[in-house]
J.: 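Before we start, here is the structure in question, set down as structure tokens.
By convention in this document, chain letters (A, B, ...) are assigned in the order of the sequence lines, proteins followed by strands, and residues within each chain are numbered from 1.
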Number of protein chains: 2
Amino acid sequence: MESTDKKTQILEVAQKLFAKNGFDGTSVRDIAKEADVNIAMISYYFGSKEKLLEAVFEKHSNYIRLQLESLIADDKMEPMQKVYQLIDSYLQKYFGQMSFHKIVLREQMANKLSCATDMLLEMKRRNQELVKQIIKEGQKKGVFKKNIDIPMMMATMLGTANQVMTTLPFYKEVNNLADMPEEEFQKLIKKKLTLHLKSIFKAILTYEEQ
Amino acid sequence: MESTDKKTQILEVAQKLFAKNGFDGTSVRDIAKEADVNIAMISYYFGSKEKLLEAVFEKHSNYIRLQLESLIADDKMEPMQKVYQLIDSYLQKYFGQMSFHKIVLREQMANKLSCATDMLLEMKRRNQELVKQIIKEGQKKGVFKKNIDIPMMMATMLGTANQVMTTLPFYKEVNNLADMPEEEFQKLIKKKLTLHLKSIFKAILTYEEQ
DNA sequence: TAAAATCAAACAAACGTTTAATTAAGTTTT
DNA sequence: AAAACTTAATTAAACGTTTGTTTGATTTTA
């Protein structure tokens, strides 16, 4: 049998609660209660709490990689357009799966060696290598500057997105948008963030130092 | 009596372990063992584990604010130089107190309402207001563009710094610096990050869109 | 000798996991 | 088609640890 109803329900609730309260801050009893299943079902389906976390990671492992590979394969698109679409893809994933990316952020911070953090690091390495290919292509075509610090550039994209995402209520406050519906507000902030990052990346990749 | 040896020792160990393993991931027994004190001393000096966390926050509450205020007060320095020094101050604080800022990052993610998160939000509001003053001064002098999204710009600085800090081992790996001593490596990455952020801020604040 | 500091021990509560029994679903045998 | 059997799903209860905190006695300090 594959993916019972209750099994997927446990997985989704776990993702939500891990994001909200952290791995250590979430008990299997919390998960069981919210998913409306017996506690024993978690061990029954996933083996342990730790393996439940791994299962959450498994679910999200390949999305960005596929996007990047199809970008590289495209030989008609301009380099700068590829970078813009790269930003779009990342932000699409981030805002579409906020709760998961909060878990990633938390796991990233914990430097304990687990199967989940290994998966994460491997994902990061692979994606960074693909981004490198896109940038090098732009440099070969003479559109981008030489000496781009790609890891630092990626840190700005991921870091800015994370920062905005983890302090969304703060941005709502400073922009005086307390009344705006949450969904509309997120759309707005995503739009702002996209433009912001695109203009930064353009500066990093093309503007000569003065 | 004020600040016994053991009391400060508990505070420092707590900061270190909270940063490493998170608040929920750190037990008072862990803290007591590493600080080489009896478990009961934690309740004796701080009342509870929660209040111990608050005490850690208390210790760090005012550093950046003072730096910003002295920057605003200076009426000789050029606006761009002020922004550059703002970046220096923030990164100085971040790299000097990494473990504390990891705790901040974790608390920021947890949206539970505690005394500690309140302190954090208040700090953020105040500092953002001060940064706003510095930018507005530059705009009045005609050095900076109009329509600067200050919260977004700050998100880029804080977010990039956080991202680099939480994934330091990754940056060591991708830069092939596995052999470099940790201290030297951190100096290098801090230097890189500083230049990176300054060039981004210059672009944000002065380059006209093309 | 009075107050502060320190300690081992105990507390109840919460933790992740396992057990053993029961129900539901599916398959095989009559 | 009914009965017998087998496996999967589900449950309440219990398991042994670990959790944060408190107690009450003892030592140190002033």
J.: Measure CZ/B:Arg29 against P/C:dC11 and give the value in whole Å, please.
T.: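 So the CZ-P distance, B:Arg29 to C:dC11, works out to 14 Å.
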
J.: Can you tell me if the side-chain N/O atoms of B:Ser27 get under 4.0 Å from OP1 or OP2 in D:dT18?
T.: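 False: B:Ser27 side-chain N/O out of range (4.0 Å or more) of D:dT18 OP1/OP2.
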
J.: Give me the one residue out of B:Glu184, B:Glu183, B:Lys190, B:Glu182 that meets side-chain hydrogen bond (donor to acceptor under 3.5 Å, both in side chains) with B:Gln186.
T.: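 In the set B:Glu184, B:Glu183, B:Lys190, B:Glu182, the residue that makes a side-chain hydrogen bond (donor to acceptor under 3.5 Å, both in side chains) with B:Gln186 is B:Glu182.
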
J.: Taking CD1 from A:Ile10 and C1' from C:dT17, how many angstroms apart are they, rounded to a whole number?
T.: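 It is 14 Å, rounded to the nearest whole Å.
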
J.: Side chain of B:Ala40 only, heavy atoms from C-beta on: which candidate in D:dT10, D:dT22, D:dG20 is closest?
T.: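 Nucleotide nearest to B:Ala40's side chain: D:dT22.
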
J.: When you get a sec, tell me which of D:dT21, C:dA5, C:dC7 is the closest nucleotide to the side chain of B:Tyr44?
T.: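 My answer, after comparing the listed nucleotides, is C:dA5.
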
J.: Taking CZ from A:Phe46 and P from D:dT10, how many angstroms apart are they, rounded to a whole number?
T.: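 Rounded to whole Å, this separation is 12 Å.
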
J.: For B:Lys49 and C:dA13, give me the distance from atom NZ to atom C1', rounded to whole Å.
T.: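 From B:Lys49 NZ to C:dA13 C1': 14 Å.
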
J.: Rounding to a whole Å, what distance do you find between B:Asp5:CG and C:dT6:C1'?
T.: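 Atom CG in B:Asp5 sits about 15 Å away from atom C1' in C:dT6.
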
J.: For atom CD of B:Glu69, decide whether the heavy atoms of other residues, nucleotides or ligands shown that lie under 6.0 angstrom number more than 12.
T.: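 Counting neighbours around CD of B:Glu69, more than 12 heavy atoms of other residues, nucleotides or ligands fall under 6.0 Å, so yes.
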
J.: Round to the nearest Å and state the distance from B:Phe18 atom CZ to D:dG20 atom P.
T.: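 After rounding, the reported distance stands at 9 Å.
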
J.: Taking the minimum atom-to-atom distance to the side chain of B:Lys6, which one of C:dT17, C:dA10, C:dT6 wins?
T.: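 Closest nucleotide to the B:Lys6 side chain: C:dT6.
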
J.: Rounding to a whole Å, what distance do you find between B:Tyr45:OH and C:dA4:P?
T.: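 Roughly 11 Å, once rounded to whole Å.
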
J.: Given C:dG16, D:dG20, C:dT17, identify the nucleotide with an atom nearest to the side chain of A:Ile39.
T.: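 Looking only at heavy atoms from C-beta outward on A:Ile39, the closest nucleotide is C:dT17.
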
J.: Please verify the inter-ring angle class for B:His101 with B:Tyr94; under 30° counts as parallel, over 60° as perpendicular, anything in between as tilted.
T.: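 Plane angle under 30°, so parallel.
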
J.: Do A:Asn38 and D:dA9 share a donor-acceptor pair, side chain to base, under 3.5 Å?
T.: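 Side chain to base: no pair present.
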
J.: Report yes or no: is the cationic atom of B:Lys51 (NZ for Lys, CZ for Arg) closer than 6.0 Å to the six-membered ring centre of B:Phe46, at no more than 45° off its axis?
T.: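 The answer is no, since B:Lys51 fails at least one limit relative to B:Phe46.
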
J.: Given atom CG of A:Asp24 and atom C1' of C:dA14, what is their separation to the nearest angstrom?
T.: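 Rounded to whole Å, this separation is 14 Å.
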
J.: Considering heavy-atom distances to DNA chain C, does A:Ser43 or A:Gly25 have its closest nucleotide positioned more toward the 5' end?
T.: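 It is A:Gly25 whose nearest nucleotide is closer to the 5' end.
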
J.: With respect to the side chain of A:Met41, which nucleotide from C:dA4, C:dG16, D:dA9 is positioned closest?
T.: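 Side chain of A:Met41 sits closest to D:dA9.
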
J.: What orientation do B:Phe57 and B:Phe100 show, parallel under 30°, tilted 30 to 60°, or perpendicular over 60°?
T.: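 Ring orientation of B:Phe57 relative to B:Phe100: perpendicular.
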
